[in-house]
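Residue numbers run from 1 in the order of the sequence given.
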Amino acid sequence: MVGSFKGILYPARLPTFHRVPAPESVSNLVQWFWIPEWDIAPGHTSRQHLIAFPASNLVVQKDLVEFAGPTTYRSHRDLTGRGWAVGALLRPALVPRFTHDPGSLRDSQLPLLLADLHASVSEAMGGTDTRERRQHAVEAFAGWLVAQRPEVSEEGILANAMMDIIGTCSDVLRIEDVAARLFVSPRTLQRVARKYIGLSPSALIRRRRLQEAADRSRTDQAADLAAIAAELGYTDHAHLTNDFQKTLGFTPSTYRRSVLQDQAGYQDED
């Protein structure tokens with residue numbers, strides 16, 4: 001089980017949420033599956049704030065299936081009533097199966113008529129055992145993807161490798177760093193990113209640093225913000241603050257205070 005809350009700004013507000021590693025059969029196609037379930041009291045709303053991973057998602061919900069393009073800013077979703085979703089964080093190699101221009105779907109969702117996928121995942125999510133229904137839903141989702149026989153090209157594999165390096169290597173700060181590790185030109189990476197992701201390599205690097213900064217600020221309240229900025233390759237504390245303000249709409253210090261207030265508020269409710 002993938003337990004990290006990276007990308008989720010206020011975990012205390014979460015309904016039941018799980019990240020499940022992708023089965024080996026779809027490891028070139030899906031980074032992981034994510035499954036929230038919620039049961040919100042009548043008249044109440046649970047707002048979920050995200051710094052989404054810079055990738056596309058294929059999401060099955062109770063009433064539809066949609067392809068969600070990459071996001072460029074903080075997003076949120078208001079949950080009401082009772083519901084669930086089963087999402088697949090797509091690896092770049094699979095994206096052309098759904099769109100040839102992911103950049104045109106930035107910050108937007110495209111409903112898809114995939115009745116067989118919806119039916120199989122919905123049936124799995126109707127189970128009574130919570131752990132089993134999540135596992136069965138992932139198996140149904142992965143099985144559907146395999147049945148589509150998607151082609152993974154060499155260029156798609158390169159796109160996956162680029163995303164892996166940017167997402168996991170904290171010392172990668174420039175597109176040239178990625179290009180050197182993959183033995184290709186920066187221009188090649190820009191072209192591949194445009195086709196398979198819809199965001200530039202530089203934008204991917206900025207998002208990773210911002211996610212890490214938010215995660216460190218939230219989980220280590222004692223850590224000095226200037227030190228966090230230096231560790232993640234920001235010029236200085238002001239550079240980190242500007243990045244926070246531009247993308248999230250608040251400063252790291254404000255975010256820290258709101259997280260503490262949020263945690264205290266939810267503990268009081270318990």
Side-chain angles (χ1 to χ4, degrees), residues 7 22 26-34 50-61 63-77 85-118 121 141-142 144-168 172 174-179 181-182 184-211 246-248:
V26 293
S27 60
N28 275 340
L29 309 175
V30 176
Q31 189 74 31
W32 61 66
F33 292 90
W34 48 271
L50 303 170
I51 319 172
F53 284 82
S56 297
N57 289 265
L58 183 62
V59 188
V60 179
Q61 301 178 54
D63 54 351
L64 83 160
V65 179
E66 64 182 12
F67 178 91
T71 63
T72 59
Y73 54 83
R74 180 185 64 161
S75 60
H76 72 266
R77 181 179 178 187
V86 180
L89 182 70
L90 303 184
R91 302 204 73 187
L94 185 59
V95 169
R97 172 68 175 74
F98 301 99
T99 176
H100 295 296
D101 184 12
S104 67
L105 295 173
R106 293 175 189 167
D107 305 310
S108 62
Q109 296 79 40
L110 176 67
L112 300 176
L113 296 176
L114 300 175
D116 48 350
L117 173 62
H118 186 268
V121 172
F141 208 138
W144 181 86
L145 287 170
V146 170
Q148 305 309 301
R149 301 180 183 274
E151 294 185 6
V152 177
S153 65
E154 290 186 11
E155 192 176 60
I157 293 174
L158 175 62
N160 284 355
M162 175 181 64
M163 183 68 91
D164 289 343
I165 289 173
I166 291 175
T168 61
V172 167
R174 305 175 305 149
I175 184 175
E176 289 80 8
D177 299 332
V178 190
R181 297 193 184 201
L182 293 174
V184 298
S185 69
R187 180 169 294 184
T188 294
L189 293 185
Q190 289 170 338
R191 175 179 55 79
V192 168
R194 183 167 56 250
K195 178 178 178 180
Y196 288 87
I197 302 170
L199 299 171
S200 70
S202 296
L204 301 179
I205 292 170
R206 288 195 300 271
R207 180 65 61 85
R208 184 209 69 217
R209 292 199 302 172
L210 184 61
Q211 280 191 334
K246 180 179 179 180
T247 306
L248 303 180

Asks: How far apart are the closest heavy atoms of Pro102 and Pro70, and which atoms are they?
Replies: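 The answer is O-CD, 3.8 Å.
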Asks: May I have the step-by-step check of side-chain contact (heavy atoms from CB on, under 4.5 Å) for Arg91 and Leu29, ending in yes or no?
Replies: CA-CA 5 Å; Arg91 302 204 73 187; Leu29 309 175; 5.7 Å; no
Asks: Just verifying a value: how many Å separate Phe67 CZ and Thr99 OG1, rounded to the nearest 0.5 Å?
Replies: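 It comes to 6.0 Å.
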Asks: Answer whether the closest heavy-atom distance between the side chains of Val152 and Ile157 falls below 4.5 Å.
Replies: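 In contact.
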Asks: Determine the minimum heavy-atom distance between Leu199 and Ala193, stating which atoms define it.
Replies: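 Heavy-atom minimum between the residues: O-CB, 3.2 Å.
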Asks: Determine whether Leu94 and Val26 make a side-chain contact, defined as any pair of heavy atoms from C-beta on separated by less than 4.5 Å.
Replies: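 A side-chain contact is absent here, since even the closest heavy-atom pair is not under 4.5 Å.
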Asks: Quick one: are Thr71 and Arg207 in side-chain contact, heavy atoms under 4.5 Å?
Replies: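 Heavy-atom side-chain distance check passes, below 4.5 Å.
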Asks: Write down the atom of Pro54, the atom of Met163, and the distance for their closest heavy-atom approach.
Replies: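 It is O-CE, 3.2 Å.
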Asks: Rounded at 0.5 Å granularity, tell me how far OG1 in Thr188 sits from CG in Leu158.
Replies: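 Atom-to-atom, Thr188:OG1 and Leu158:CG are 7.5 Å apart.
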Asks: Would you give the length of the straight line joining atom CG of Leu113 to atom CG of Leu64, rounded to the nearest 0.5 angstrom?
Replies: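 Here the rounded value is 10.0 Å.
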Asks: Would you say Arg208's side chain and Ile166's backbone share a donor-acceptor pair under 3.5 angstrom?
Replies: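 Such a contact is found between Arg208 side chain and Ile166 backbone.
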Asks: If you compare all heavy atoms of Gln61 against all heavy atoms of Glu66, which two are closest, and at what distance to 0.1 Å?
Replies: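 Closest pair (atom of Gln61, atom of Glu66, distance): NE2-OE2, 3.2 Å.
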Asks: Are side-chain heavy atoms of Leu114 and Trp144 found at a separation under 4.5 Å?
Replies: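 The answer is yes, as the side chains (C-beta and beyond) meet within the 4.5 Å cut-off.
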Asks: Donor-acceptor pair, distance only, cut-off 3.5 Å: does the side chain of Thr168 make one with the backbone of Asp164?
Replies: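 Yes; judged by distance alone, with no hydrogens or angles, the pair exists.
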Asks: Below 4.0 angstrom, N of the basic side chain to O of the carboxylate: do Asp101 and Arg194 qualify?
Replies: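 Salt bridge between Asp101 and Arg194, a charged N being under 4.0 Å from a carboxylate O: no.
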Asks: Do Arg191 and Glu155 make a side-chain contact, defined as non-hydrogen atoms from C-beta onward lying under 4.5 Å apart?
Replies: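 Contact flag for Arg191/Glu155 side chains = yes.
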Asks: Would you say the side chains of Tyr196 and Ser153 form a donor-acceptor pair under 3.5 Å?
Replies: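 Distance-only check passes for Tyr196 and Ser153.
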Asks: Would Leu182 and Met162 satisfy side-chain contact (heavy atoms from CB on, under 4.5 Å), going step by step from the backbone distance to the final call?
Replies: CA-CA 8 Å; Leu182 293 174; Met162 175 181 64; 4.0 Å; yes
Asks: Search all heavy atoms of Ala93 against all heavy atoms of Asn160 and return the closest pair with its distance.
Replies: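 Heavy atoms only, the tightest pair is N-OD1, 3.1 Å.
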Asks: Within the structure provided, determine whether Ser200 and Gln190 are in side-chain contact (heavy-atom separation under 4.5 Å).
Replies: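 Not touching, per the 4.5 Å side-chain cut-off.
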Asks: Hey, is Glu176 close enough to Arg181 for a salt bridge, meaning N to O under 4.0 Å?
Replies: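 So Glu176 does not pair with Arg181 through a salt bridge.
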Asks: Just do the side-chain contact (heavy atoms from CB on, under 4.5 Å) check on Ser56 and Phe98 with the steps written out, would you?
Replies: CA-CA 10 Å; Ser56 297; Phe98 301 99; over 6 Å; no
Asks: We want to know whether Thr72 and Asp107 form a side-chain donor-acceptor pair, criterion being a heavy-atom distance below 3.5 angstrom.
Replies: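 Indeed, the side chains of Thr72 and Asp107 share at least one donor-acceptor pair under 3.5 Å.
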Asks: So, for Pro186 and Ile175, which heavy atoms are closest and what is the spacing to 0.1 Å?
Replies: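 That closest heavy-atom pairing would be O-CD1, 3.5 Å.
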Asks: Please examine the side chains of Val59 and Val86, heavy atoms only from C-beta on, and report whether any two atoms are closer than 4.5 Å.
Replies: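 Side-chain contact under 4.5 Å: no.
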Asks: Should Arg97 and Glu151 count as an ion pair when the cut-off is N to O under 4.0 Å?
Replies: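 Salt bridge flag = no for Glu151 with Arg97.
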Asks: Could you check whether any side-chain heavy atom of Leu58 comes within less than 4.5 Å of a side-chain heavy atom of Leu117, counting everything from C-beta outward?
Replies: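 Contact flag for Leu58/Leu117 side chains = yes.
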